[in-house]
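Heavy atoms only: backbone and side chains are in, while hydrogens, waters and symmetry mates are out.
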Amino acid sequence: QVQLVESGGGLVQAGGSLRLSCAVSGLTSSDYSMGWFRQAPGKEREFVGAINYRTGAAYYSDSVKGRFTISRDNAKNTVYLQMNSLKSEDTAVYYCGARRGTFSYFEYDFWGQGTQVTVSS
């Protein structure tokens with residue numbers, strides 16, 4: 001059974017930092033590209049970033065580029081999202097997704113349950 005479990009969310013002041021983790025079980029994470037998405041109240045889920053399974057190359061949305069960094073530890077089957085210089089507009093529920101093969105901006109095979117990030121201004 002595949003499980004993705006996010007953690008690390010919380011309340012932080014604008015300008016602060018958080019690191020989210022996504023622990024993966026039930027699949028070999030090195031075969032999967034991992035993505036981070038977020039959904040704010042009243043808005044659609046949006047792509048935040050992803051790390052490609054083979055190359056390890058990372059891709060980011062324009063809204064987080066230069067502030068967020070994705071990394072992965074295949075030995076721990078965990079992917080991370082380091083978020084710096086947080087803004088109030090980063091407030092959302094953050095989800096990780098796993099997709100076999102090359103990353104996608106949209107479609108993932110498995111999803112976590114999400115973790116809330118709230119940035120106070």
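- The closest side-chain heavy-atom distance from Met34 to Cys22 is below 4.5 Å.
- Closest non-hydrogen pair, Ser121 versus Ala14, comes out as CA-CB, 4.2 Å.
- Counting all heavy atoms, side chain and backbone alike, Ile70 lies closest to Ala50 at CD1-N, 3.1 Å.
- Note on Val2 and Tyr32: same hydrophobic cluster, where clusters join Ile, Leu, Val, Met, Phe, Trp and Tyr whose side-chain heavy atoms are under 4.5 Å apart, directly or indirectly.
- Residues Val119 and Lys87 fail the side-chain proximity criterion, which asks for heavy atoms closer than 4.5 Å.
- Checked against Thr78 for a side chain to side chain contact (heavy atoms under 4.5 Å, CB included), the options Ser21, Ser71, Cys96 give a single hit: Ser21.
- A donor-acceptor pair is defined here as one N or O able to donate and one able to accept, closer than 3.5 Å; such a pair exists between the side chain of Asn52 and the backbone of Phe103.
- What you find for Ala92 and Ala40 is that their closest heavy atoms are CB-N, 3.8 Å.
- Val93 and Phe47 fall within the same hydrophobic cluster, defined by Ile, Leu, Val, Met, Phe, Trp and Tyr side-chain heavy atoms under 4.5 Å apart, directly or through other members.
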Problem set entry | side-chain hydrogen bond (donor to acceptor under 3.5 Å, both in side chains) assessment of Asn74 paired with Arg72 | CA-CA 6 Å; Asn74 287 338; Arg72 67 191 302 166; 3.0 Å; yes
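- With ring centers used as reference points, Phe37 lies under 6.0 Å from Tyr108.
- Between Val117 and Arg38, every side-chain heavy-atom pair lies at or beyond the 4.5 Å cut-off.
- Using a 4.5 Å heavy-atom cutoff, the side chains of Glu6 and Leu81 are not in contact.
- By the 4.5 Å heavy-atom criterion applied to side chains, Leu86 and Gln13 are not counted as neighbours.
- Interatomic distance, Leu4 CG to Asp109 CG, rounded to the nearest 0.5 Å: 10.5 Å.
- Phe110 and Ile51 fall within the same hydrophobic cluster, where Ile, Leu, Val, Met, Phe, Trp and Tyr residues are linked whenever their side-chain heavy atoms come under 4.5 Å apart, directly or through other members.
- Here the closest heavy-atom approach between residue Ser85 and residue Ser17 is recorded as N-OG, 4.4 Å.
- Between Phe68 and Trp36, the distance from one ring center to the other does not fall under 6.0 angstrom.
- Linking ILVMFWY residues whenever their side-chain heavy atoms come closer than 4.5 Å, directly or via other members, leaves Tyr94 and Tyr59 in distinct clusters.
- Using a 4.5 Å heavy-atom threshold, the side chains of Val12 and Met83 count as separate.
- Between the CD atom in Gln82 and the CZ atom in Arg67 there is a gap of 12.0 Å [rounded to 0.5 Å].
- Distance alone, capped at 3.5 Å, places no donor-acceptor pair between the Arg100 side chain and the Asp31 backbone.
- Between atom OG1 of residue Thr91 and atom CD of residue Gln116 there is a gap of 7.5 Å, rounded to the nearest 0.5 Å.
- Using a 4.0 Å cut-off between charged nitrogen and carboxylate oxygen, Lys65 and Asp62 count as a salt-bridge pair.
- Within the 4.5 Å cutoff, no side-chain heavy atoms of Tyr80 are placed close to those of Leu20.
- Note on Val48: it does not cluster hydrophobically with Phe106, by side-chain heavy-atom contacts below 4.5 Å among ILVMFWY residues.
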